[in-house]
Amino acid sequence: MAYLTLKNVNKIYPNGFHAVHDFNLEAEKGEFIVFVGPSGCGKSTTLRMIAGLEDISKGEFFIRDQLVNTWGPREREVAMVFQSYALYPHMSVYDNLAFGLSLQGVDEDVIDERVQKTAKILGLTDYLDRMPRALSGGQRQRVAVGRSIIRKVGIFLMDEPLSNLDAKQRVTMRSEITQIHRETGATTIYVTHDQTEAMTMADRIVVMKDGYVQQIGTPKDVYFHPNNMFVAGFIGEPPMNFVRLTVSQGCIAVAGSTIDLVPLLGSRAADYEGKEIVMGFRPEAITLSLQEHACQLEGSVELTEMLGDNVNVYITLDGEPAILKVSPHETSELDSLLSFCIPYENIYLFDAQTEQAIAANNL
Ligand code: ATP
């Protein structure tokens, strides 16, 4: 059995609100799982059910092969880091780190050894005598992480731990947390609404929306093979472009090009005759030079956004907005009318009604 198993887990709050529907997940020992999704999709609720801070309304939660639905947080041996990294303000960094172990009656020598080791991992050795008010946001966050890892538990839960930090600190802490995870080997569940955090940190990502799991997969899976339009639009920055089109004689016509659906959909192309489908392509999965095995489209340029390493070009395609991500070296000759190519393997097709993927690229 996996290290953590959630089977058809549901949360119905006392006011009747059904916040999480049939959540299923098996996490292996040492895996780094990220729950990602927009505000209110049920990420924190699920994490709190795993922590034992919230009852499971329906379904089963196992740690190894033990059913733990009725176990309290302490028995589950989980450590949790919250968004608000409430440190004890009147205690030094050393005491903040040591406090949990002191409560458990751990020997002073052992506590000292673990505090020193944790401080070393987190780069806090020089700050052990400081009070929290004399630390930067990033340093405080490290103390909060330290307070959890010092307990050497098997399960590490984090709820948006970086959201109070500025952009630069977030990048630093992101790699620090990944490194700590490698060193501790604890099974980690990390909640964020930030798809970049999810993509850079996760072994596997759980994408959620409105209390439902949309997809579980590696960062590559969810980026290259999204199950539906929601995942395709949520993962990736800028998001995937979508164009609604009607299928006629097995083809779709878009911005100066006709795309034969048979090579993409096989015999299923016939099922969509006369119906609407959605074509998706990623801003970065295009070329400005002519390509074979690609469709060539023409869009009118509305705006360009120079970002240094690349340029976002905002265009309209048959009246619909789209974004292209191109190299700054390619934009010097941008006309108001821009031709570009989407290699066939970079085209996604979705059912316009169900929004489910009907063909994905074959990367
Ligand atoms: P965020 O990123 O904003 O923290 P989230 O994905 O973590 O969002 P949750 O906090 O899990 O979302 O909340 C999921 C849904 O459950 C939300 O619609 C929220 O309003 C609702 N909810 C949360 N707590 C309760 C509660 N105690 N009673 C009723 N509804 C609740």
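Whatever order the structure lists ligands and atoms in, that order sets their numbers, starting from 1. Along the sequence shown, residues carry numbers from 1.
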Legend entry - Spacing of CG belonging to Asn96 relative to CZ belonging to Arg140, to within rounding of 0.5 Å: 11.0 Å
Inset, instruction - Could you tell me if the ring centre of Phe230 sits under 6.0 Å from that of Tyr212? - result: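 Not close enough - the centres of the two rings lie 6.0 Å or further apart.
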Legend entry - Listed once per pair and sorted, the side-chain hydrogen bond (donor to acceptor under 3.5 Å, both in side chains) pairs that draw on residues 234-248, sequence neighbours left out: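 Output for this query lists Arg244-Glu276.
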Legend entry - Contacts of type side-chain hydrogen bond (donor to acceptor under 3.5 Å, both in side chains), residue Arg114, not counting sequence neighbours: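 None.
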Determine all donor-acceptor pairs shorter than 3.5 Å in which one atom belongs to a side chain in residues 50-60; sequence neighbours excluded.
unit_1	atom_1	unit_2	atom_2	d
Glu54	OE1	Arg48	NE	3.4
Ser57	OG	Ile12	N	2.7
Ser57	OG	Ile12	O	3.3

Legend entry - Pocket residues of ligand 1, ordered first by chain and then by residue number (heavy-atom cut-off under 4.0 Å): Tyr13, Asn15, Phe17, Ala19, Pro38, Ser39, Gly40, Cys41, Gly42, Lys43, Ser44, Thr45, Glu160
Inset, instruction - Would you tell me whether Tyr344 and His293 have side-chain atoms, one donor and one acceptor, within less than 3.5 Å of each other? - result: no
